[in-house]
Amino acid sequence: MLETLHISNYALIDKIDIRFHSGFNVITGETGAGKSIMLGALSLLLGARADTRVVSDPSSKSVIEAVFALKSGYPALKEYCLEADLEWDDERCILRREVAPAGRSRAFVNDSPVPLSKLQGVAMRLIDIHSQHQNQLLATPDFQMTVIDTLAENGARLKVYTQRYNKLRDAVRRLKAMRLQIEKSREDEEYTRFQLEQLEELNLQPGEQAELEREREVLNNLSGLKEQLARALNALSLGIPNVVELIDTAADACESLSDILPETDNIPERLDSARIELSDIAATLESVNENLNADPSRLVEIDERLSTIYSLCHRHRLNDGEQLIALRQTLEQRLARLDSSDDELAELERDARRAKALARETALEISEARRQEAARFAEHLREVAMPLGMKNLSVEVRVTQGDMTAKGIDTVEFMVAFNKNQPLMPIGATASGGEISRLMLSVKSIIASRIQLPSIIFDEIDTGVSGDVADRMGAMMRDISKSLQVTTITHLPQVAAKGDSHYRVYKEDDETSTHTRISELTGQERVEAIAVMLGGQTVDRHALAAAKSLLRNK
């Protein structure tokens, strides 16, 4: 339940701290006293847009903080917090919203900063603020379906259905994408095969372009290369003198010096090894020189092949032959997939049919539960609402099957008639504002015991009624408070008298400004407040007696 509410620096509220109680709380006050300001502040915890105009003192931030006691558990809230990686406390949950004068807004859950979406996700599982304009939700198909699903306990079925429906959507998406891809591939098949034939005819091998370019470079610089080879060979073995001969001379000289040369240096053997290595190098260079012949036909052949490679690269907007090879492989795979596309398409169609069958199976289970609950709910709603001044009320809840959607295969429509011989019509087309208020209260009375929600606030839901109907609406809210904490803002003494706790909102002036205040009333204070609601500012003994009577008979 909502345990405490702190609001500071918000519109006419400089600072208020309210402690709420379990059961039925009522808030009263004159029009314009600031009751709607309090709800506006509280709605910031539900994700409402922060307006900097409500920050009354520009030198400090506006703060709204609510503390909720969680002694009754609320597994749906715990599951959400754990999935959202939010700190969980089994005892209480603290929500806070801060609005800076410059407009920056910050959100906190249990004193940890969170995105606004997560604050909203937690808050909507803790409190429902039902304002007058929300009565119109009763006429919307989504709300009507939610009511039936809540009473039919379709939560687990809907979770399974959502998973299966998402799999169906994925299967259908893949199937459509495959069909489009096949269609486009078939349109391009002839051109694709033409491209592949060109690349296959080229039969380019990895690294071939680089090797051809190197070979062309060699052939174009043949004379210079042979000149350098000749210089190297002359120095090594062909010139007079040359390195090999000089090493032989040095080796012969060292043989005669064997008596004075250290044996450990092995100079003769080392010279012999050097001669053998240099002779081998010379032989390799001679082989290269012999094979390096000016062959004009080979140069033409290389130029033509490179020209073909460059032309295909340009045509396909590629950088080099390696990318041409990759393209060839891609085209081969594309055509291979096209050749096997009928089998793949058939498999995707089977997947889609299986996914649809599973989703429809669960949707039909949900639909059957909805139809059974619709009949029970229609009768229950009529019984609950009739005492609220609607004695001729007729109710029918129509569940009509149609196409599969994210919510199942049904549309749900509440049909009502308020007078005898009046045809059943959709609520939005026939109910007045007061009738919708009473119906909405009746609906929330019915579902109160089924929802995992700690607290609900009614903002003048009793507008437009009086007398015995007001008394019955107050009794109904009191009954709801047996299942969850109920707080109502009301102008009706019959409703205010039913509360377990009573708060009065009022304005107070100081030297410079007007402030909204709130105080909890007890004893004689409460009697006098209800007497004012009954008889105006002039409170006589008759009004006081009537107030006491209302409180005794609550």
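Starting from 1, each residue takes its place in the sequence as its number. Below, all heavy atoms of this structure are taken into account, side chains as well, without hydrogens, waters or symmetry copies.
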**Prompt:** Is there side-chain contact between L175 and L345, with heavy atoms separated by less than 4.5 Å?
**Reply:** yes
**Message:** If you apply the rule side chain to side chain contact (heavy atoms under 4.5 Å, CB included), what do you find for I16 with M38, and how did you get there?
**Reply:** CA-CA 10 Å; I16 60 173; M38 289 173 50; 4.2 Å; yes
**Request:** Decide, yes or no, whether a salt bridge links E87 with K118 under the criterion of side-chain N to carboxylate O below 4.0 Å.
**Result:** no
**Asked** Are a donor atom and an acceptor atom from the side chains of T28 and R504 found within less than 3.5 Å of each other?
**Response** no
**Request:** Would you check if the side chain of R382 reaches a backbone N or O of F377 as a donor-acceptor pair within less than 3.5 Å?
**Result:** no
**Item:** Carboxylate-amine/guanidinium contact R438 E435, below 4.0 Å
**Value:** no
**Request:** Could you grab the distance from atom CD1 of I489 to atom CG of N25, nearest 0.5 Å is fine?
**Result:** 11.5 Å
**Prompt:** Are Q329 and Q333 close enough that a side-chain donor and a side-chain acceptor fall under 3.5 Å?
**Reply:** no
**Item:** N9 and S62 side chains, donor-acceptor separation under 3.5 Å
**Value:** no
**Asked** Charged N to carboxylate O below 4.0 Å: is that the case for R179 and E349?
**Response** yes
**Asked** Taking atom types as modelled, is there a side-chain donor on E460 or H491 under 3.5 Å from an acceptor on the other?
**Response** yes
**Request:** Please examine the side chains of I7 and V63, heavy atoms only from C-beta on, and report whether any two atoms are closer than 4.5 Å.
**Result:** no
**Item:** side chain to side chain contact (heavy atoms under 4.5 Å, CB included) assessment of K498 paired with V26
**Value:** CA-CA 8 Å; K498 295 287 191 296; V26 297; 6.0 Å; no
**Message:** Could you check whether any side-chain heavy atom of V54 comes within less than 4.5 Å of a side-chain heavy atom of S56, counting everything from C-beta outward?
**Reply:** no
**Asked** For the atom pair CZ (F418) and CG (L424), what is the distance rounded to the nearest 0.5 Å?
**Response** 10.5 Å
**Prompt:** Does CE belonging to M415 count more than 12 external heavy atoms closer than 6.0 Å?
**Reply:** yes
**Asked** Looking at P454 and L484, what are the two nearest heavy atoms and their distance?
**Response** O-CB, 3.8 Å
**Asked** So, Q401 and S367: side-chain donor and acceptor under 3.5 Å apart, yes or no?
**Response** yes
**Prompt:** Distance from E361 atom CD to I366 atom CD1, nearest 0.5 Å?
**Reply:** 11.0 Å
**Request:** Please check if the side chain of K356 supplies one atom and the backbone of V172 the other of a donor-acceptor pair under 3.5 Å.
**Result:** no
**Item:** V99/K61 under side chain to side chain contact (heavy atoms under 4.5 Å, CB included): CA gap, chis, key distance, verdict
**Value:** CA-CA 6 Å; V99 182; K61 60 189 175 185; over 6 Å; no
**Item:** Carboxylate-amine/guanidinium proximity below 4.0 Å for R96 and D111
**Value:** yes
**Request:** State whether a side-chain donor-acceptor pair under 3.5 Å links R97 with S105.
**Result:** yes
**Prompt:** With no hydrogens and no angle check, do the side chains of D510 and H515 hold a donor and an acceptor under 3.5 Å apart?
**Reply:** yes
**Pair D57, S59: side-chain N/O donor-acceptor within cut-off below 3.5 Å** = yes
**Fill in**
Taken in chain and number order and not counting sequence neighbours, the residues that satisfy salt bridge (Lys or Arg N to Asp or Glu O under 4.0 Å) with K15 are none
**Request:** Taking atom CZ of R169 as the centre, report whether more than 12 heavy atoms of other residues, nucleotides or ligands fall under 6.0 Å from it.
**Result:** no
**Beyond-backbone contact of V412 with T400, side-chain heavy atoms, under 4.5 angstrom** = no
**Request:** Enter the distance from T516:OG1 to I37:CD1 here, rounded to the nearest 0.5 Å.
**Result:** 4.5 Å
**Item:** Partners passing salt bridge (Lys or Arg N to Asp or Glu O under 4.0 Å) against R53 (at least two apart in sequence or in another chain)
**Value:** D51
**Complete:** OH (Y80) and CG (L126) are apart, to the nearest 0.5 Å, by 11.0 Å
**Message:** Salt bridge or not between K167 and D170? Use side-chain N to carboxylate O under 4.0 Å.
**Reply:** no
**Asked** Hey, does D17 have a side-chain heavy atom less than 4.5 Å from the side chain of L5?
**Response** no
**Message:** With a 4.5 Å cut-off on side-chain heavy atoms, are W88 and K78 touching?
**Reply:** yes
**Item:** Flag for H130-K444: side-chain donor and acceptor within less than 3.5 Å
**Value:** yes
**Message:** Could you check whether any side-chain N or O of T405 sits under 3.5 Å from a backbone N or O of G408, counting only pairs where one atom can act as donor and the other as acceptor?
**Reply:** yes
**Message:** When you measure from the centre of the six-membered ring of F24, is the NZ or CZ of R478 closer than 6.0 Å and no more than 45° off the axis?
**Reply:** no
**Message:** Can you tell me if D85 has over 12 outside heavy atoms packed within less than 6.0 Å of its CG?
**Reply:** no
**Asked** Just by distance, with hydrogens left out, do H21 and E520 show a side-chain donor and acceptor under 3.5 Å apart?
**Response** yes
**Asked** Would you find a donor on one side and an acceptor on the other, under 3.5 Å apart, between the side chain of T488 and the backbone of T490?
**Response** no
**Request:** Determine, step by step, whether L95 and F68 satisfy the side chain to side chain contact (heavy atoms under 4.5 Å, CB included) criterion, reporting the C-alpha distance in whole Å, the side-chain angles of both residues, the deciding distance to 0.1 Å, and the verdict.
**Result:** CA-CA 8 Å; L95 307 184; F68 292 85; 4.0 Å; yes
**Item:** Spacing of CD belonging to E65 relative to CD1 belonging to I94, to within rounding of 0.5 Å
**Value:** 6.0 Å
**Message:** Check whether D128 reaches the backbone of I456 with its side chain - one donor and one acceptor, N or O, closer than 3.5 Å.
**Reply:** no
**Asked** Is any side-chain heavy atom of F414 less than 4.5 Å from a side-chain heavy atom of V395?
**Response** no
**Fill in**
side-chain contact (heavy atoms from CB on, under 4.5 Å) test vs D410 passes for just one of R370, R398, M404, namely R370
**Message:** Tell me whether Q485 contacts the main-chain N or O of L2 through its side chain, where contact means a donor paired with an acceptor under 3.5 Å.
**Reply:** yes
**Request:** Keeping the roles fixed (side chain from S445, backbone from L441), state whether a donor-acceptor pair exists under 3.5 Å.
**Result:** no
**Message:** Side chains of T4 and H6: any donor to acceptor distance under 3.5 Å?
**Reply:** no
**Asked** Any salt bridge between D351 and R354, counting N to O under 4.0 Å?
**Response** yes
**Asked** Under 4.5 Å between any side-chain heavy atoms of R517 and V505, yes or no?
**Response** no
